[in-house]
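First the structure, in the form of structure tokens, and then the observations on it.
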Amino acid sequence: MKVVYKERELSRTDLVDRTRYSAFLVSKMCDELLAAGLIRETGLGNSTGGRPPTLLSINPDIGRVVGVHIGTFNTRIVVTDLAGEALAFRKVPSHVEVGPEIALASLISEVEATLAGAGVELDQVRGIGIGISGVLERSTGTTLFWPKVPQWTNVPVKRRFEQRFRTAIEVEDTPRTMALAERRFGQGSQASEFVYISVGAGTGAALFLRDQLYTGADGFAGEFGHLMVDAQGPLCSCGNRGCLEATLSASALIHRAEAAVSQRLSTVLWRLTGGDPAKTSIELIGQAAQEGDRFSCSLLREAGTFLGLGLVGIINLLNPRLIVIGGSLAMAAGRFLLAAVEEAIRDRALVNQATELRVRLSELGEVDWARGAALLVINQALEISVLDRLSRQQNVEGD
Ligand SMILES: [Zn+2]
């Protein structure tokens, strides 16, 4: 089931190659899985001379999975089938500032409402994957601390969800869940040395080395946003000075744009916000840059240069083949960031490493971020679906 899922669609011959099981065994297993409705025949593959082979894929309707992407400002909730197709989506404010107890209770009821809206019963849910910002203890799914929201210290996110839902639950940090989406649904499927950078309210990275997610000895690898790029730079939410995130994150840019609106340094931003600094957003900064606003262009350019400097460090250290930049800032103004990023890399990275490197903007959106979180539990979801189907069959046979 896991091999079929991973390859999306393949023939029995392919399965023999991938598993190294005998053709007889593969054929017998496929017949059983087909009879149980766990996989299905989805068409014909390319012929290698004889009859074209029948292709198999998993039956996406054997269960449902939930993905929850908890950002600093907004939470995205998706219900998918086992192939990752979104069946329902909802975006709600995270309200992390009210404290973890109330915020999590409210998010859990939003998950219930999303499931109810999609007509999904709780016993169809095979797993819930949660992506959350902040620094996480992965083994227990506990948010250790979240620099931007100090109340979130030692919050057992996984346990809170387990108390409500009797299903597989996994928690991971958001750059990693977004990177999982990029690997399954986006541009990251081919490169084995792949770095995903998320620039939104915060800045983080997910590193894939030799095709495996690299998490570090204690799970904290990828805190890209707290790489120091300027010893004299602004104070960061983590308490240090000159972190990349202090210059680059959406909140840092919004802060500077707000000042520009109140001081009328940008006529375009002033018009777009109606002169109200509180209305400043990343989307409006991106729009102002589109309209050629000098202030916004140079703000984004500077952010892109800092991002590029950080990336030069990663490139020289890890020699990735592909870097994908995603997150809300990339979505709103990526084009302006990318030009400066590419220039910084051209100017500073070691030449022979930079030649084969591709730097791309993510083309995925918010629904996909939540779909990425759902991927955390997909293997468990497949197992649970198989066991569930088999035990039901046995019960029928037992009767
Ligand atoms: Zn920092």
Exercise. Judged by modelled atom types alone, do R126 and S385 share a side-chain donor-acceptor pair under 3.5 Å?
Worked result: yes
Exercise. If Ile, Leu, Val, Met, Phe, Trp and Tyr residues are connected whenever their side-chain heavy atoms lie under 4.5 Å apart, and connections chain through other members, are F224 and F306 in the same group?
Worked result: yes
Exercise. Hey, mind stepping through F295 and T267 against side-chain contact (heavy atoms from CB on, under 4.5 Å) and telling me if it holds?
Worked result: CA-CA 9 Å; F295 170 84; T267 45; over 6 Å; no
Exercise. Is the shortest side-chain N to carboxylate O distance from R12 to D31 below 4.0 Å?
Worked result: yes
Exercise. Are the side chain of R241 and the backbone of A231 linked by a donor-acceptor contact shorter than 3.5 Å?
Worked result: no
Tell me which donor-acceptor pairs under 3.5 Å the side chains of residues 244-258 have, and how far apart each pair is, sequence neighbours excluded?
from : atom 1 : to   : atom 2 : distance (Å)
E245 : OE1    : T203 : N      : 3.0
E245 : OE2    : K148 : NZ     : 3.2
S249 : OG     : E245 : O      : 2.9
S249 : OG     : A252 : N      : 3.3
S251 : OG     : A201 : O      : 3.3
R256 : NH1    : E302 : OE2    : 3.3
R256 : NH2    : E302 : OE1    : 3.3

For this session: Quick one: pull up CG in N74 and NZ in K91 and give me the separation to the nearest 0.5 Å.
Result: 4.5 Å
For this session: Report yes or no: does D276 contribute a side-chain atom to a donor-acceptor pair with the main-chain N or O of T273 at less than 3.5 Å?
Result: no
Problem set entry | Shared hydrophobic cluster, L376 / I70 (ILVMFWY, side-chain heavy atoms < 4.5 Å) | no
Problem set entry | Least distance between heavy atoms, L115 atom then F165 atom | CD1-CE2, 4.4 Å
Exercise. Has the side chain of R183 got a donor or acceptor atom that lies under 3.5 Å from a matching backbone atom of G188?
Worked result: yes
Exercise. Hey, are the side chains of Y21 and L15 touching, using non-hydrogen atoms and a 4.5 Å cut-off?
Worked result: no
Exercise. When you check the side-chain N and O atoms of R335 and Q290, is any donor under 3.5 Å from an acceptor?
Worked result: yes
Exercise. Under the side-chain contact (heavy atoms from CB on, under 4.5 Å) criterion, do L56 and C30 qualify, and how do the steps go?
Worked result: CA-CA 9 Å; L56 304 165; C30 287; 3.6 Å; yes
Exercise. Which atom names give the shortest non-hydrogen contact between R176 and G219, and what distance separates them?
Worked result: NH2-O, 3.0 Å
For this session: Could you pull out the closest heavy-atom pair between G141 and V171, with the gap in Å?
Result: CA-CB, 3.9 Å
Exercise. Between R160 and E101, is there a side-chain N and carboxylate O pair less than 4.0 Å apart?
Worked result: yes
Exercise. Any side-chain heavy atom of L144 within less than 4.5 Å of one from F220?
Worked result: yes
Problem set entry | Under the ring-ring contact (aromatic ring centres under 6.0 Å, His included) test, residues paired with F194 that sit two or more places apart | F208
Seminar exercise, completed: So CZ of R389 and CG of L387: to nearest 0.5 Å the spacing works out to 12.0 Å
Exercise. Can you check side-chain contact (heavy atoms from CB on, under 4.5 Å) on I62 and M1, steps first, answer last?
Worked result: CA-CA 12 Å; I62 51 179; M1 285 289 284; 3.8 Å; yes
Problem set entry | Shortest non-hydrogen contact between A83 and F185, atoms and distance | O-CE2, 4.4 Å
Seminar exercise, completed: Looking only at heavy atoms, the pair that brings T177 and E172 closest together is CG2-CB, 4.0 Å
Problem set entry | Polar side-chain atom of R360 near backbone of R358 as donor-acceptor pair, under 3.5 Å | no
Exercise. What are the two closest non-hydrogen atoms of I315 and A349, and how far apart are they?
Worked result: CG2-CB, 4.3 Å
Exercise. Mind checking whether L10 and Y5 sit in one hydrophobic cluster, side chains of I, L, V, M, F, W, Y counted as touching below 4.5 Å?
Worked result: yes
For this session: Indicate if I169 and L375 have the same hydrophobic cluster label, given that clusters are the connected sets of ILVMFWY residues with side-chain heavy-atom separations under 4.5 angstrom.
Result: no
Exercise. For R348, does the CZ atom sit with more than 12 other heavy atoms under 6.0 Å from it, leaving out its own atoms?
Worked result: no
Exercise. Rounded to the nearest 0.5 Å, what separation is found between the CG atom of D173 and the CE atom of M178?
Worked result: 10.5 Å
Problem set entry | Parallel, tilted or perpendicular: rings of H69 and W369 (30°, 60°) | tilted
Exercise. Just by distance, do the side chain of Q380 and the backbone of V377 share a donor-acceptor pair under 3.5 Å?
Worked result: no
Exercise. Is it true that a side-chain atom of R90 and a backbone atom of T75 form a donor plus acceptor pair closer than 3.5 Å?
Worked result: no
Problem set entry | Expected output: side-chain S106 to main-chain I102 donor-acceptor under 3.5 Å | no
For this session: Using modelled atom types only, decide if a donor and an acceptor are shared between the side chain of T114 and the backbone of I77 within a distance under 3.5 Å.
Result: no
Exercise. So, are D61 and R64 salt-bridged, with charged N and O less than 4.0 Å apart?
Worked result: yes
Exercise. Same cluster or not: are L209 and L311 linked, directly or through other Ile, Leu, Val, Met, Phe, Trp or Tyr residues, by side-chain heavy atoms under 4.5 angstrom apart?
Worked result: yes
Problem set entry | Within-4.5 Å side-chain heavy-atom neighbours: T143 and I132 | yes
Problem set entry | CG/N46: more than 12 non-hydrogen atoms of other groups inside 6.0 Å | no
Exercise. So, are E342 and R346 salt-bridged, with charged N and O less than 4.0 Å apart?
Worked result: no
Exercise. Does a sphere of radius 6.0 Å around CZ in R271 hold more than 12 heavy atoms from other residues, nucleotides or ligands, not counting ones at 6.0 Å or beyond?
Worked result: yes
Exercise. Of I314, V341, V324, which is the lone residue that meets side-chain contact (heavy atoms from CB on, under 4.5 Å) with I197?
Worked result: I314
Problem set entry | Student check: side-chain heavy atoms of L104 and V155 closer than 4.5 Å | yes
Exercise. Would you say the side-chain atoms of T42 and E9 include a donor-acceptor pair closer than 3.5 Å?
Worked result: yes
For this session: Report yes or no: does T305 contribute a side-chain atom to a donor-acceptor pair with the main-chain N or O of A340 at less than 3.5 Å?
Result: no
Problem set entry | Straight-line distance of L272 CG to D293 CG, nearest 0.5 Å | 8.0 Å
Exercise. Going by atom types only, do D14 and S11 share a side-chain donor-acceptor pair under 3.5 Å?
Worked result: yes
Exercise. Backbone N or O of S328 within a donor-acceptor pair of the E366 side chain at under 3.5 Å?
Worked result: no
